Enquirer: 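To start, I am sharing the structure in question, which I have written as structure tokens.
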Protein chains: 2
Amino acid sequence: MGKPPHTSYHSDPRVDALVDETIGRVADKWTLLVLEALEEAGEQRFSAIGRAVPGISQKMLTQTLRQMEREGLVTRTVHAEVPPRVEYRLTVLGHDLAEAFCGVWHWAERNIETIEAARAAFDARQ
Amino acid sequence: MGKPPHTSYHSDPRVDALVDETIGRVADKWTLLVLEALEEAGEQRFSAIGRAVPGISQKMLTQTLRQMEREGLVTRTVHAEVPPRVEYRLTVLGHDLAEAFCGVWHWAERNIETIEAARAAFDARQ
DNA sequence: GGTGCCTACTTCCCAATGGAGAGCAAGGGA
DNA sequence: TCCCTTGCTCTCCATTGGGAAGTAGGCACC
């Protein structure tokens, strides 16, 4: 769809675009849930995160962790052992993001019933 | 991947699951950007939102707005005119969510450079 | 010495999702 | 009569994601 107008409260539209792009990369279901798992449990191994995030496939877990590592949200430590042991830990940046998301969690907790009701009403209307 | 363990700071795992499910539905790139657009501009028409969210396709805009309506985040008002006019507005619930996401926006704004640097370092390392 | 096992991936196949663009309804204007 | 408008909806195709199987490589057991 169209590009420009986009009146924002920021002065610089390039900053807006960068923020949007960053949000786009971070605001992903799996990223959020992995972030939550790491925030709650501290340093975790690959398979422990997988267990803490029900429904994620190994492929998506690998992919999500790689991307988070690339964005600087987690550090990856490989221990040269057999069997292999790889540990993931939130960076300060990742921890800050998790804190920023706290508000969203609390919103979700607070409003579960409202949302369920809205959904039921919407579905009944259709 | 596996289901259980998932030690959380909530007592009830069912609440956790519901929260995760809700987050999963709301933590979507397009939902966030549409939320931002509506929060900044107030009531908006379909195509105005499209212009405010660069890169979104009409299909995804329709789909995102429908889902947001279903979750109770926006209201949809159809004016029986020709050409048609449909206006979208955040509900209180939607507004609260947008506020909850403020922290994430500020995080992104504050850390753009750190993230860019992390990405550059990661890419150089590979 | 062969057979597993363990973990963190990687690969393959197939279904679902998302983007691009065309089509549509329905009334008003030229 | 033809075209314009808006908010979708549909179709076609590329990309993404899930499920399951495969891989490396050193160790333990028989």
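Note on naming: letters A, B, ... go to the chains in the order of the sequence lines (proteins, then strands), and numbering restarts at 1 for each one. Note that the structure is a prediction, hence the values are computed from the model and not measured.
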Enquirer: Is the Phe101(A) ring parallel, tilted or perpendicular to the Phe101(B) ring (thresholds 30°, 60°)?
Expert: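 If you compare the ring of Phe101(A) with that of Phe101(B), the planes turn out perpendicular.
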
Enquirer: Any ion pair linking Glu71(A) and Arg66(A) (charged N to carboxylate O, less than 4.0 Å)?
Expert: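 No.
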
Enquirer: To the nearest angstrom, how far is Ile56(A) atom CD1 from dT16(D) atom P?
Expert: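 Whole-Å distance recorded here is 17 Å.
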
Enquirer: Using side-chain hydrogen bond (donor to acceptor under 3.5 Å, both in side chains) as the criterion, list what pairs up with Arg119(B), not counting sequence neighbours.
Expert: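 Testing Arg119(B) for side-chain hydrogen bond (donor to acceptor under 3.5 Å, both in side chains), a comparison that skips the adjacent residues, returns Glu116(B).
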
Enquirer: Hey, is the main chain of Ala108(A) close enough, under 3.5 Å, to the side chain of Thr22(B) for a donor-acceptor pair?
Expert: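 Side chain of Thr22(B) to backbone of Ala108(A): no pair is present.
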
Enquirer: Using a 4.0 Å heavy-atom cut-off, does Gln63(B) contact any base of the nucleic acid, only the sugar-phosphate backbone, or nothing at all?
Expert: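 Sugar-phosphate, no base atom in range.
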
Enquirer: Given 3.5 Å as the limit, does a donor-acceptor pair link the side chain of Ser57(B) with the main chain of Met60(B), or not?
Expert: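 Confirmed, Ser57(B) side chain pairs with Met60(B) backbone.
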
Enquirer: State, to 0.1 Å, how close Phe46(B) and Leu61(B) come at their nearest heavy-atom pair, and which atoms those are.
Expert: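 Distance-wise, the nearest heavy atoms are O-CD2, 3.4 Å.
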
Enquirer: Only one of Glu43(A), Arg45(A), Arg76(A) forms a side-chain contact (heavy atoms from CB on, under 4.5 Å) with Tyr88(A), so which one is it?
Expert: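 Per the side-chain contact (heavy atoms from CB on, under 4.5 Å) rule, the option paired with Tyr88(A) is Arg76(A), out of Glu43(A), Arg45(A), Arg76(A).
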
Enquirer: Provide, to the nearest angstrom, the distance between the NE2 atom belonging to His79(B) and the C1' atom belonging to dG7(D).
Expert: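 In whole Å, dG7(D) C1' lies 13 Å from His79(B) NE2.
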
Enquirer: Mind calculating the distance between CE (Met60(B)) and C1' (dT9(D)) to the nearest angstrom?
Expert: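 So the CE-C1' distance, Met60(B) to dT9(D), works out to 15 Å.
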
Enquirer: Just to verify, what does Thr31(A) make a side-chain hydrogen bond (donor to acceptor under 3.5 Å, both in side chains) with, not counting sequence neighbours?
Expert: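 Here the qualifying residues are Asp28(A).
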
Enquirer: For Glu113(B), which residues count as a salt bridge (charged side-chain N to carboxylate O under 4.0 Å, His left out) partner, sequence neighbours excluded?
Expert: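 Per chain and number, Glu113(B) pairs via salt bridge (charged side-chain N to carboxylate O under 4.0 Å, His left out) with no residue.
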
Enquirer: What bend angle does the helix from dG1(C)-dC30(D) to dA30(C)-dT1(D) show across its length, from five-pair end axes and to the nearest 10 degrees?
Expert: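 Its terminal axes enclose an angle near 30°.
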
Enquirer: Check this one for me: any side-chain N or O of Ser47(B) less than 4.0 Å away from OP1 or OP2 of dT6(D)?
Expert: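 No, because none of the side-chain N or O atoms of Ser47(B) sits under 4.0 Å from OP1 or OP2 of dT6(D).
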
Enquirer: Are there any protein N/O atoms within less than 3.5 Å of an N/O atom in nucleotides 9-14 of chain C, and if so, which ones and at what distance?
Expert:
residue : atom : partner  : partner atom : Å
dC9(C)  : OP1  : Arg76(A) : NH1          : 2.5
dC9(C)  : OP2  : Arg76(A) : NH1          : 3.3
dC9(C)  : OP2  : Tyr88(A) : OH           : 2.5
dC9(C)  : N4   : Gln58(A) : OE1          : 2.4

Enquirer: Test side chain to side chain contact (heavy atoms under 4.5 Å, CB included) on Asp20(B) and Trp105(A) and set out the steps.
Expert: CA-CA 9 Å; Asp20(B) 278 7; Trp105(A) 255 283; 4.2 Å; yes

Enquirer: Between protein and nucleotides 27-30 of chain D, what N or O pairs are separated by less than 3.5 Å?
Expert:
none

Enquirer: Rounded to whole angstroms, how far apart are NZ on Lys29(A) and C1' on dT16(D)?
Expert: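 Between C1' of dT16(D) and NZ of Lys29(A): 13 Å.
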
Enquirer: Does the side chain of Arg45(B) get closer than 4.0 angstrom to OP1 or OP2 of dG7(D) through an N or O atom?
Expert: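 For Arg45(B), the contact criterion (side-chain N or O under 4.0 Å from OP1 or OP2 of dG7(D)) is met.
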
Enquirer: So does Trp30(A) get a side-chain nitrogen or oxygen closer than 4.0 Å to the phosphate oxygens (OP1/OP2) of dG18(D)?
Expert: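 Checking Trp30(A) against dG18(D): at least one side-chain N or O falls below 4.0 Å of OP1 or OP2.
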
Enquirer: Are any side-chain N or O atoms of Trp30(B) and backbone N or O atoms of Gly24(A), one a donor and one an acceptor, separated by less than 3.5 Å?
Expert: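 Side chain of Trp30(B) to backbone of Gly24(A): no pair is present.
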
Enquirer: Could you state the CG-C1' distance from Leu61(B) to dT9(D), rounded to the nearest angstrom?
Expert: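 Rounded to whole Å, this separation is 13 Å.
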
Enquirer: Quickly work out the Arg85(B) CZ to dA26(C) C1' distance and round it to whole Å.
Expert: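 Taking atom C1' of dA26(C) as the reference, CZ of Arg85(B) is at 17 Å.
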
Enquirer: Using atom CG of Asp28(B) as one end and atom C1' of dT17(C) as the other, report the distance to the nearest whole Å.
Expert: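 Answer to the nearest Å: 11 Å.
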
Enquirer: Is the shortest side-chain N to carboxylate O distance from Arg89(B) to Glu87(B) below 4.0 Å?
Expert: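 So Arg89(B) does not pair with Glu87(B) through a salt bridge.
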
Enquirer: Rounding to a whole Å, what distance do you find between Glu69(A):CD and dA8(C):C1'?
Expert: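 The answer, rounded to whole Å, is 14 Å.
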
